[in-house]
Amino acid sequence: MAATAADSATPTISAADMTTHLAVLRHDAVEEPSSSSKSEEKIASEIEIGNLTINESNNKFFHDPESSNIKTISSGDTPYASAFTFEELNLLPELLKGLYVEMKYEKPSKIQAISLPMILNPPYLDLIAQAHNGSGKTACFTLGMLSRIDPKLKAPQAFCICPTRELAIQNLEVLRKMGKYSGITSECAIRSAFGNEIHTGKKQTIRPPITSQIVIGTPGTIRHRISFNKLSLSYLKILVLDEADHMLAEDGFKDDSVNIMNKIRCVNPQCQVLFFSATFNETVKEFAAKIVKGNHNQLFVKKEELSLQSVKQYKVNCPDELAKVMVIKDRILEFGERVGQTIIFVRTRNSAITLHRTLVEIGYDVTTIQGALKQEDRDKIVKEFKDGLTQVLISTDLLARGFDQDQVYMHRIGRAGRFGRKGAVFNLLCGDADETIMTKIENHFGTEIAEVPDWRNEEDFVVALRSAGLL
DNA sequence: AAAAAAT
């Protein structure tokens, strides 16, 4: 099982364990969602919050039968028309060129069609938006940030805060690609990024104030830079929270996010705030609705409509831990090698280390990423996987953010089948606890996940993979 | 209960 350079059409298998192992098969390396995704993701509506009104009448989107399952809520009185083309958004020609030439987009995806007019038009209301993994979510806020920058003003005008350093780096890559012709400057604010600090030879580091127009980083570092007066808030126009559910959850980065928001509001009350995430639970939804400025917009998707159609999901009952290892080795990795790359998600750092050791001992070539590794190692491992130099990646939730079972699950399976590419997910269940969780997930999303009848039977996996379109 | 992220 030598790791060979993956050809570009290869799918990916990833496996995870949530107490449980979850295995996912995909058709390509981890990549950002495309805007003009061909996938027929369904975005449906819901919601009726307090005094907010559903604003359908002025939205072209609702007259498009194909898209009638999206609903928006606006507490403002600004009518928005969905953008069917990027031209309608009055973007700078340099940005339009970036979209077409660099990003290879043709037209806005559904979520982009609805959210971009809300983001880009005065009075620049705050927005709480839920969008699929792979539906072009990143491009929404990336384009939002780029479009609102005054190119002549060399000062921070847009921030994006993300729950992991990896995500910050990835978002910056997308932004730079999209903004290639714009001349807009950007940088990462993450702890170990090689910034432009000056090492004095002693312990302390002198860091100049940030002049980049867009800053993407992790909450702790952004907060730190602000409190040390290295990151000016005076010209800030737009703040984005990526994976906003996690950024606002009690258990997540709530303190940092709220602290940053408060500081911004203090200096700059009119700054627009965008909350983007694939999932929002009720608590976070309510909290977000509370901290936005009075009038704001919301976009939500029914949870029944959330799962990705291009990703087939299965469950595999494994009688014991050894069976899990056997399935990973003989099925997931063997088929994964033929089909593309594999991510194996595990619940703890320890399981990651243990599984890595077990697989290496029996001769498999795998890499592992988890938060205890040095940042340079993490960067290297992610890059190698993205470049197709490695075939199998074991990961903790570092690469699949979320904060409760259902949402972790969503984020994890979202790693497969990006862009509507084909993928398969195998949930490796061992014991009653795992099965209970699986049932809860099925109930939550209102779907039943197909079972691979016998973990020992190769043919059962062949059938599953064929059905997923991977063989 | 675990993981991520600031010092």
Side-chain angles (χ1 to χ4, degrees), chain A residues 16-22 159-172 188-193 195 197 203-207 210 215-231 240-263 277-279 281 284 343-356 368-379 381-382 393-412 414-415 430-434 436-437 440-441:
Chain A
D17 116 318
M18 29 199 353
T19 291
T20 317
H21 277 84
L22 175 78
F159 292 170
C160 172
I161 51 181
C162 316
T164 65
R165 298 168 194 165
E166 279 72 15
L167 189 57
I169 293 167
Q170 189 172 290
N171 285 339
L172 185 76
C188 260
I190 61 179
R191 193 171 163 223
S192 74
E197 65 262 32
K203 258 193 175 171
Q204 92 257 32
T205 293
I206 298 173
R207 186 184 289 278
I210 292 175
V215 178
I216 303 182
T218 43
T221 304
I222 298 248
R223 182 178 177 175
H224 188 257
R225 299 274 192 279
I226 293 171
S227 52
F228 281 80
N229 300 316
K230 300 298 183 186
L231 187 49
V240 178
L241 279 77
D242 193 9
E243 306 290 354
D245 58 348
H246 194 245
M247 305 300 289
L248 296 179
E250 208 73 58
D251 207 15
F253 297 104
K254 193 175 180 182
D255 284 354
D256 283 335
S257 303
V258 170
N259 179 286
I260 292 168
M261 282 190 61
N262 287 341
K263 279 180 176 150
S277 183
T279 50
N281 69 20
V284 170
I343 305 175
I344 303 173
F345 282 110
V346 295
R347 194 170 59 90
T348 65
R349 292 176 177 181
N350 243 336
S351 334
I353 294 163
T354 312
L355 181 61
H356 181 105
T368 297
I369 186 165
Q370 36 99 346
L373 294 178
K374 279 184 297 185
Q375 187 61 36
E376 51 181 301
D377 293 334
R378 284 165 56 168
D379 291 346
I381 287 160
V382 168
L393 179 61
I394 300 169
S395 173
T396 59
D397 276 339
L398 200 159
L399 292 187
R401 297 303 325 176
F403 56 90
D404 68 30
Q405 300 287 359
D406 302 332
Q407 307 199 7
V408 168
Y409 187 75
M410 261 305 297
H411 286 285
R412 284 177 169 187
R415 294 294 103 195
C430 179
D432 294 343
D434 287 2
T436 308
I437 292 169
K440 278 188 186 165
I441 291 171

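Quick caveat, the model's predicted, so the values are computed rather than measured. Naming convention: chains lettered A, B, ... in sequence-line order (proteins, then strands); numbering from 1 in each chain.
Remark: A/Thr348 is not in phosphate contact with B/dA1, judged by side-chain N or O atoms under 4.0 Å from OP1 or OP2. An OP1 or OP2 oxygen of B/dA5 is reached within less than 4.0 angstrom by no side-chain nitrogen or oxygen of A/Arg223. Within the 4.0 Å cut-off from OP1 or OP2 of B/dA4, not a single side-chain nitrogen or oxygen of A/Arg347 is found. Side-chain nitrogen and oxygen atoms of A/Arg378 include at least one within less than 4.0 Å of the OP1 or OP2 phosphate oxygen of B/dA5. In terms of phosphate contacts, A/Arg349 brings no side-chain nitrogen or oxygen within less than 4.0 Å of OP1 or OP2 of B/dA2. An OP1 or OP2 oxygen of B/dA5 is reached within less than 4.0 angstrom by no side-chain nitrogen or oxygen of A/Thr221.
Regarding A/Ile260, its CD1 atom lies at a distance of 11 Å from the C1' atom of B/dA5, rounded to whole Å. Distance A/Asp245 CG to B/dA4 P: 17 Å, rounded to the nearest Å. Rounded to an integer number of Å, the gap from A/Leu398 CG to B/dA3 P is 11 Å. Between the CG atom of A/Asn350 and the C1' atom of B/dA3 there is a distance of 13 Å, rounded to whole Å. Rounded to a whole Å, the NE2 atom of A/His246 is 10 Å from the C1' atom of B/dA5. Between the CD1 atom of A/Ile226 and the P atom of B/dA6 there is a distance of 13 Å, given to the nearest Å. In this entry the distance linking CG of A/Leu167 with P of B/dA5 reads 11 Å, nearest Å. Following rounding to the nearest Å, A/Ile369 (CD1) and B/dA4 (C1') show an atom-to-atom distance of 12 Å.
By the salt bridge (Lys or Arg N to Asp or Glu O under 4.0 Å) test, A/Arg349 is found to be paired with no residue, residues two or more places apart in sequence or in another chain being considered. The salt bridge (Lys or Arg N to Asp or Glu O under 4.0 Å) search around A/Glu376 returns none, not counting sequence neighbours.
Out of B/dA4, B/dA3, B/dA6, the shortest distance to the side chain of A/Asp251 is found at B/dA3.
When all heavy atoms of A/Lys263 and A/Ser227 are compared, the closest pair comes out as NZ-CB, 3.7 Å.
Side-chain contact between A/Ile381 and A/Leu373: present, with at least one pair of heavy atoms (C-beta onward) separated by less than 4.5 Å. Between A/Ile353 and A/Gln370 there is a side-chain heavy-atom pair separated by less than 4.5 Å.
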